[in-house]
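Contents: one structure, followed by commentary.
Here is the naming used below: chain letters follow the sequence lines, and residue numbers restart at 1 for every chain.
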Amino acid sequence: MPELAEVEFYRKQWDCGLRQIVTRVALHKGKRLFRDTGTERLAVRLLSRRLVGSEARAKQMLFRFSGAGAKSPSLWLGVHLGMTGRLSVAHANFKPGKHDHLVLFQKRQALVLTDARMFGRVRLYEAAEPPGWWTALPPAVTSEDFTPELLAEFCKRRARLAVKAALLVQTRFPGVGNWMADEILWQARIDPRQLCGKLSRARITRLWEAARQVCATAMETVGIDFSDPPRGWLYHARWSGTGRCPRDERPLQTATIGGRTTRWCGKCQR
DNA sequence: CGAGATGTTCGGCT
DNA sequence: AAGCCGAACATCTC
């Protein structure tokens with residue numbers, strides 16, 4: 001489920017645990033979620049550490065814990081929520097359910113990671129600086145580095161790729177997922193089946209603007225309190241099979257593009 | 001009961 | 001050889 005803004009929302013769910021020490025760790029050993037980091041190591045290392053900060057970028061989260069001693073390096077917990085992951089807070093006497101694979105107990109509450117399908121991943125690093133995979137994440141769609149020129153260059157290199165599939169490429173559109181990709185194309189009035197190489201410079205600029213707008217607005221709504229995106233967005237129509245285009249009321253088209261269910265308006269998207 | 005799901009990765013094909 | 005596509009991953013819901 002989680003894309004850019006949902007990830008930011010979930011990250012904040014653990015904020016109430018800031019400045020507090022982990023008193024107990026519960027986890028489900030051997031689950032796919034922990035494929036990068038042995039579960040034994042995870043449990044041992046997190047114990048007695050203090051949660052001191054967190055950040056979300058793209059679909060990734062990075063939680064920082066204090067070192068074991070004053071001079072010890074920080075501990076970094078990387079979390080990706082996959083398709084069905086979420087973070088929540090529970091009472092200190094919480095009993096983990098079947099899909100609550102990682103629970104960090106603190107004095108006043110428990111920080112819970114739930115993920116039924118386990119497409120997510122958890123990884124642990126001990127170092128003074130954040131891990132390389134984190135610092136190497138591409139520039140955010142809303143950043144100054146994400147320029148129309150960068151997008152034009154990308155479209156040129158991926159000339160044979162449908163633009164819908166292109167929007168899901170995380171190295172260029174970090175954090176954009178399936179519903180955001182559809183929203184961006186609808187707002188830019190571009191047919192998701194269009195090949196990147198066929199897009200005019202003017203349409204690439206429209207795509208660039210729509211991408212930035214959708215990402216920024218999603219962060220201000222979903223990212224703040226999980227409230228709905230603005231009225232009039234495709235978002236509200238795309239979930240039901242009978243959904244209609246908010247602009248012209250035409251029934252939405254449905255197809256699999258880039259391996260994902262895609263919905264668009266055959267009239268206003270060209 | 002079968003199909004599909006707001007994601008990533010890998011193997012194979014062009 | 002880069003780049004594209006489909007399958008696999010594991011579980012739940014419609």
Taking only N/O atoms, report every protein-nucleotides 12-14 of chain C pair under 3.5 Å with atom names and distance.
| unit_1 | atom_1 | unit_2 | atom_2 | d |
| --- | --- | --- | --- | --- |
| C:dC12 | OP1 | A:Lys98 | NZ | 3.2 |
| C:dC12 | OP1 | A:His99 | NE2 | 2.7 |

Return the polar atom pairs (N/O with N/O) between nucleotides 12-14 of chain B and the protein under 3.5 Å, or none.
none

Atom pairs, N/O to N/O, protein against nucleotides 3-5 of chain C, distance under 3.5 Å?
| unit_1 | atom_1 | unit_2 | atom_2 | d |
| --- | --- | --- | --- | --- |
| C:dC4 | OP2 | A:Arg158 | NH1 | 2.7 |

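To the nearest whole angstrom, the two C1' atoms, one in B:dT8 and one in C:dT13, are 22 Å apart. B:dA3 and C:dA7 are spaced 13 Å apart, taking the P atom of each and rounding to whole Å.
With no hydrogens or angles considered, a side-chain donor-acceptor pair links A:Thr254 and A:Arg263 at under 3.5 Å. With hydrogens and angles left out, the side-chain atoms of A:Ser54 and A:Arg11 include a donor and acceptor closer than 3.5 Å.
Rounded to an integer number of Å, the gap from A:Arg263 CZ to B:dA5 C1' is 14 Å. When the C1' atom of B:dA5 is taken as reference, atom CG of A:Leu81 falls 16 Å away, rounded to whole Å. Remark: C1' of B:dT9 and CE of A:Met118 are 17 Å apart, rounded to the nearest angstrom. One can place NE2 of A:His28 at 15 Å from C1' of C:dA10, the figure rounded to the nearest angstrom. Atom P of nucleotide B:dT8 and atom CD of A:Gln60 are separated by 8 Å, given to the nearest angstrom. One atom, CZ of A:Arg238, and another, P of B:dA5, lie 9 Å apart when rounded to the nearest Å. Computed from coordinates, the A:Leu168 CG to B:dG7 P distance equals 7 Å when rounded to whole Å. Between A:Arg260 atom CZ and B:dT8 atom P the separation is 8 Å, expressed in whole Å.
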**Secondary structure of DNA chain B in dot-bracket form (Watson-Crick or G-U wobble, distances below 3.5 Å, | marking inter-strand pairs)** = .||||.||||||||
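For A:Phe119, there are no ring pair (Phe, Tyr, Trp, His ring centres under 6.0 Å) partners two or more places apart in sequence or in a different chain.
One finds no side-chain N or O of A:His80 lying less than 4.0 angstrom from the OP1 or OP2 phosphate oxygen of B:dG7. Taking 4.0 angstrom as the limit, A:Thr261 places a side-chain polar atom (N or O) nearer than this to OP1 or OP2 of B:dA5.
Cation-pi check for A:Arg123 over A:Trp133 is met; the charged atom lies under 6.0 angstrom from the ring centroid and within 45 degrees of its normal.
Taking hydrophobic clusters as Ile, Leu, Val, Met, Phe, Trp and Tyr residues chained together by side-chain heavy-atom distances below 4.5 Å, A:Val7 does not share a cluster with A:Trp76. Placement of A:Ile184 and A:Ile257 in two distinct hydrophobic clusters is found when ILVMFWY residues are connected by side-chain heavy-atom separations under 4.5 Å, directly or transitively. A:Leu168 and A:Trp264 fall into different hydrophobic clusters, defined by Ile, Leu, Val, Met, Phe, Trp and Tyr side-chain heavy atoms under 4.5 Å apart, directly or through other members.
Using the six-membered ring where Trp is involved, A:Phe105 and A:Phe94 have ring planes that are tilted, between 30° and 60° apart. Taking the six-membered ring where tryptophan is involved, the planes of A:Phe9 and A:Phe226 are perpendicular, since the angle between them exceeds 60° and thus also 30°.
The aromatic ring of A:Phe119 is stacked on the base of C:dC9, with the two ring centres less than 5.5 Å apart and the planes inclined by under 30°.
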**Prompt:** Given A:Leu167 and A:Leu185, is the side chain to side chain contact (heavy atoms under 4.5 Å, CB included) satisfied, shown in steps?
**Reply:** CA-CA 9 Å; A:Leu167 283 166; A:Leu185 290 167; 3.5 Å; yes
**Request:** I would like to know whether A:Lys164 and A:Thr262 meet side chain to side chain donor-acceptor pair (under 3.5 Å); could you show each step before the answer?
**Result:** CA-CA 8 Å; A:Lys164 165 62 186 272; A:Thr262 302; 2.8 Å; yes
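For A:Gln170, the side-chain atoms get nearest to B:dT8 when compared with the rest of C:dT11, C:dC9, B:dT8.
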List, one per line, each side-chain donor-acceptor pair under 3.5 Å for residues 137-145 of chain A, sequence neighbours excluded.
| unit_1 | atom_1 | unit_2 | atom_2 | d |
| --- | --- | --- | --- | --- |
| A:Ser143 | OG | A:Ala140 | O | 2.7 |
| A:Ser143 | OG | A:Asp145 | N | 3.4 |

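If you look at A:Phe146 and A:Phe154, their ring centroids are not closer than 6.0 Å. Remark: aromatic rings of A:Trp14 and A:Phe63 are close, center separation under 6.0 Å.
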